[in-house]
Amino acid sequence: MRKLSIVLFFMFICVTAFAQNPARVTIKGIIKDTSSNVMGGATVMLLTPKDSALVNFSRASDKGVFEFKNVKNSNYILKVSYVGYLPYQQVLSPSPTEVADLGNVGIKPISKELLEVVVKTARAPLTIKGDTIEYDARSFKVPQGSSVEDLLRRLPGMEVDAQGNIKAQGKDVKKVLVDGKTFFGDDPKAATKNLGAETISKVQVFNDKSEQAKLTGVDDGKKEKAINLELKEEYKKGAFGKITGAVGTDSRMAARGNYNRFNKTSQFSILGYGNNINETGVNWSDYGEFKGNNAFNQNDNGDFGFSSGNRWWSSNGDDITNNFDGRGFTNNGGAGVNYNFDNKKTKFNSSYFYNQTRLFLDQYQNQKTFLEKSAFLTTDTSSQNNFRGNHSIGTRFERMIDSSNTLIVKLNMRAGNRDDSNTMFQRNLTEEGALRNSSKIINNGDFTNFSLNTNAIFRHKFKKKGRNFALSLGYNITNSDGNENLNPTTRIIDAKTFEEQVRTSRQINDNENRQNLLKGSALFLEPLSKKFYWETFFNFSTDNRKVNRDALNGLAENKRIDSLSTYFENTVTYNRVGTSLRYSFSGINISLGGAALRYGLEGQQFTGKNGRTLSNVSKGYPEFIPYFDANFELKNNLYLNFSYSLEVTAPQITDLQPVINNNNPFFISTGNPDLSPEKSHGINFSMYKFDPSTFLNINLWGGYNYYLSQVVYNQIVNTETLKVNTRPENLSGGTSFSLGSYCGFPIVKTKLTVNMNPYIRIANNPTFINGVLNESNNQNYNLNFGLSFTPSDKLIVGMNTRFGINNIKYSLGAAQNQNIRNNSFDASIKWNFMKKTFLETNLDYTSFRNKSERFAFEQDIPIFNCSVRRLFMKENKVEVRLAAFDIFNKRQNIIQQAFQNTVTNQTALTLARYFMLSVTYNMKGHESKLKKNEGW
Amino acid sequence: MKNTIILISFLFSSFMSFAQQNEGIVYYTRTSRWTKMIETVDYMSKQEREKMAYMFGNKDDWKSYNILYFNEKEAKYVNSEQKSEESEGYSDRKSEYIIKRNFEKNSTTDIIEMLGRVYIVEDSLITPNWKILNDIKDVAGHICMKAMVEDTLKKQKIVAWFAQDIPVNAGPERLYGLPGLILELDINNGAVIIEATKIENKKLVQELELPKKMKGKKVNEAGYQDIIRKHMADMKKAEEYPFWGIRY
């Protein structure tokens, strides 16, 4: 015991004696290379051994001498770096003396090959771990399908002979490891011959102890070269998808599903849906998953010129996304596939989709039409059964030919058919309510459509920075063929004779429509200086349409009715050349320019299909248009925009064709081949301000348009029979003015946010009614007020109120002024009330009012929805939802609107109360918490 | 052996010629990659982030440009007005961003516009806690060593590549303090990469001066960090992108 105490005592003394090292130390030495040359200017660093943290650094003098004066005396890693040399490391222990002289510190040069080929040429990082040198194999390009052997042949310092034997830095490689493990036994060739080069991310070469040394544990100094191949992490590979099935009361059902597979360069997806709950397509989120990296494309707009927006992203989702307008009952189905390929140079996308919808629609419409001294009422009760089916194929190809040339080619093809049947009962009454005429119309139609759109855009960047050229060409074909059966029975109450009183007709229209559109655009951008750019563009298009319509009398052995048959061909040609000067610097972009354009309108009427020319119209409208646009991006996230333009647009081709549309015998419209283009002055401004520290954002925008020439639908109304004939004509004097704002800010940050959105629109629309000018003044005032309350991450409450006033004044008679009010209130709750269980409910109360005399309308619609959903299974892969829609059973679609000299109330039946149970399986699992911000 | 000596003496002499002019301008290209920037945020689920990456494909990046003026005593880093090739000549406003380091006086003056106002951050130099790694690579013709630092404020992993042959402590953004000029920064595994494209050795005249009039709210480094910390906490609560309004 006593001896032991003495030993311990001695040990203690020894330890304290060692601990007597000086607190501060000076570390010095001389850096030399393997040939004893001094390395002046070498970087010398002191690091902590624990985590390589940099403590101090200095530089060797011209004589290679370095010195760290008065540093803490502790453990260090001394690190020396010098261009062309391997980083050198030496572990330093605390020094017993005040000066730790390390003497000569020798550093080894990096082999010339590694330096020149790996670091300088392939620009691959070199990692040095002791005597292991590792570099990234991905920097060395080998052809597709090459083996590791081919890759090794390209690597500096490696030699591979014809038999596949490998030498590294002149020494035989005895071992090849894959991810640190031996690959199929000891033959190093097994891995190098069998593995593909594309699977390798890194190659490491190191010295391995000889087998002998490993066995005996005695280092015999013999080192063998070994190679380790690190496999690539296939991080961008996977699959996702989900499938939903739902059943409800009243035989309601829905199914939808999508599956996507992808790897680094390609994406493949399938999507399908079917339902009778008015979902005519999928939502935008599912559309995005289906289309993948093809959902939004940049630079797809080939129409160059003023504010053409070719800087923006574009998308085309109309075919696949839900576009139900709220009226009627629909049965829907659709399915398709999409494939995308995308590497850095080439992007290829291709998709096929088929969708169909059958609509059953029953609606009631009440319309008042104002005339010079009187007014009349029209009531329609209609029942429709329409079917639409469409096949569409879309392909897009984008290729970066080289760093200065890009080509985009797009091709879209669509083929479809539709059949419509419409039964309508219409009554025209005097303002006092006396029936003047009525008609029962049964119309059926059957059409097939085909369209093909092609477009190619080529962009070239010149050597001079900023000088660009772009060219686009497009060719579109649209064909539509079909039959219409028109079966009206009309009764005119005041008719003198019985023949006039009741009239039945049967008309068969055999339609053939052909459209060919060729268009092209060119753009040249020249930088004049760092701040000024000069832009020049040219556009042309020629739009040719042919209409052949045989109107046959079904009651007279299908004899042709000459007055209603039409054989017409017209061509609208458009040429525009323009130029602008732009100032672009430091967030200010101002463009000023002008363009000369010409519309050529040509029309030819024939006596029949392939018949002789009956009449010929040919007119040209040259025009000069000025253009101004100014954008300011100012300090503190303030954005301003002002613009002025003179818009000139060609009339709608259907308005130009002298085709008589008599689908409704009491409302007959005729085209007008003498129409000239629409022309209007437009000024717009907008302002946006965002304050990221208070989360306040304000938007303000406004615009004013004045029509020098506007296409309006003039009416001739027979005050006795109340039959309306309408025809498009040019008129000047129409105006529209709008002013709106959106502003949102938090009252309590992250908890309570409010937003306001007032909006005003005032428009003046002139029309000739029976030769008398009527000006209708339409004033729209809207105010939205919204509130969002998030007391915790388990509860989100939203409220929204909307007030809308629409005043319409008619210059024909002040007594007819209308006052329409639409107000609504909406409240919603999302509540995560139990683990993995959510309650979602909303109440939407809308009131429709028209206060005018003799056309009063009053309807309140409360809609109450409620659903509970719960997540099940690992990763919440299954979601079960029980939902009740429109619990009060009140849903119907109401539209109140005023146009020209009419005001309309329309009520359509649609899907009301139902209950539904749905189950969704999501391969990647469902979100298990509420989201404060929907979408991105 | 003879060859090696020639090579070494050649490298040595080239080093010496650089060493005589540790003054000049570095032009950096700053590439931001959106799908990587959101990889580290927690307001989006992994699934949402993957979906976004899926829809963006390879086109989620944009470029901006920066300039660093340096000598052995001082450095100034600013936003450049250079336009990217995709901009078609249109110009965005560059927010005010001037990072001034004085190594001799051990002081920093930063003019940073963020969260809707301009701040002037004045403090003494606090060197980042660098770790030195054993990798070398070539950036803009210079062989660089790898160093790493963690930004505990913005929760970013930063990799820097510093030149072995330009003994200047300066660097891009707010980073400095390595034995050589930083020529490349990689923030959060490629979310933002700032890479030198050109290094001009020249005598600087006025370039290192700060603007005569500096308008903004004066804060010290701790105050600056507090503002960012508070904003990021707010954004996290609101489940929004935390770098909205501040530099990534």
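Being a predicted model, the structure only gives us computed values, none of them experimental. Note on naming: letters A, B, ... go to the chains in the order of the sequence lines (proteins, then strands), and numbering restarts at 1 for each one.
Among residues two or more places apart in sequence or in another chain, the side chain to side chain donor-acceptor pair (under 3.5 Å) test is passed with A:N260 by A:N258, B:Y54. Applying the salt bridge (Lys or Arg N to Asp or Glu O under 4.0 Å) test to B:K131 and every residue at least two apart in sequence or in another chain returns nothing.
A:E633 contributes atom CD, which lies 8.0 Å from atom OG of B:S91 (distance to the nearest 0.5 angstrom).
Remark: A:R582 is positioned above the aromatic ring of B:Y90, its terminal NZ or CZ atom under 6.0 angstrom from the ring centre and at most 45 degrees off the axis.
The contact between B:N169 and chain A is made entirely by side chain atoms (from C-beta outward), counting heavy-atom distances below 4.5 Å. Neither the backbone nor the side chain of A:K689 comes within contact range of chain B; no heavy atoms are under 4.5 Å apart. Both the backbone and the side chain of B:K237 come within contact range of chain A, with heavy atoms under 4.5 Å apart. B:D234 touches chain A through backbone and side chain together, each having a heavy atom under 4.5 Å away. Of the atoms belonging to B:I38, not a single heavy atom falls under 4.5 Å from chain A.
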>> Evaluate B:M235 against A:T750 for side-chain contact (heavy atoms from CB on, under 4.5 Å), listing each step before the verdict.
In response: CA-CA 8 Å; B:M235 292 304 260; A:T750 75; over 6 Å; no
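Taking the centre of each ring, B:W244 and A:F695 stay at or above the 6.0 Å mark.
For the set A:D691, A:N636, A:T694, the count of heavy-atom pairs under 4.5 angstrom toward chain B peaks at A:N636.
A salt bridge links B:E88 with A:R459: at least one charged nitrogen is closer than 4.0 Å to a carboxylate oxygen.
Side-chain contact check for B:K51 and A:S285: at least one donor-acceptor pair (N or O, by modelled atom type) lies under 3.5 Å. In this model, no donor atom of one side chain and acceptor atom of the other lie less than 3.5 Å apart for B:Q164 and A:T43.
The shortest distance between side-chain heavy atoms of A:M45 and B:P179 falls below 4.5 Å. Side-chain contact between B:E85 and A:K461: present, with at least one pair of heavy atoms (C-beta onward) separated by less than 4.5 Å.
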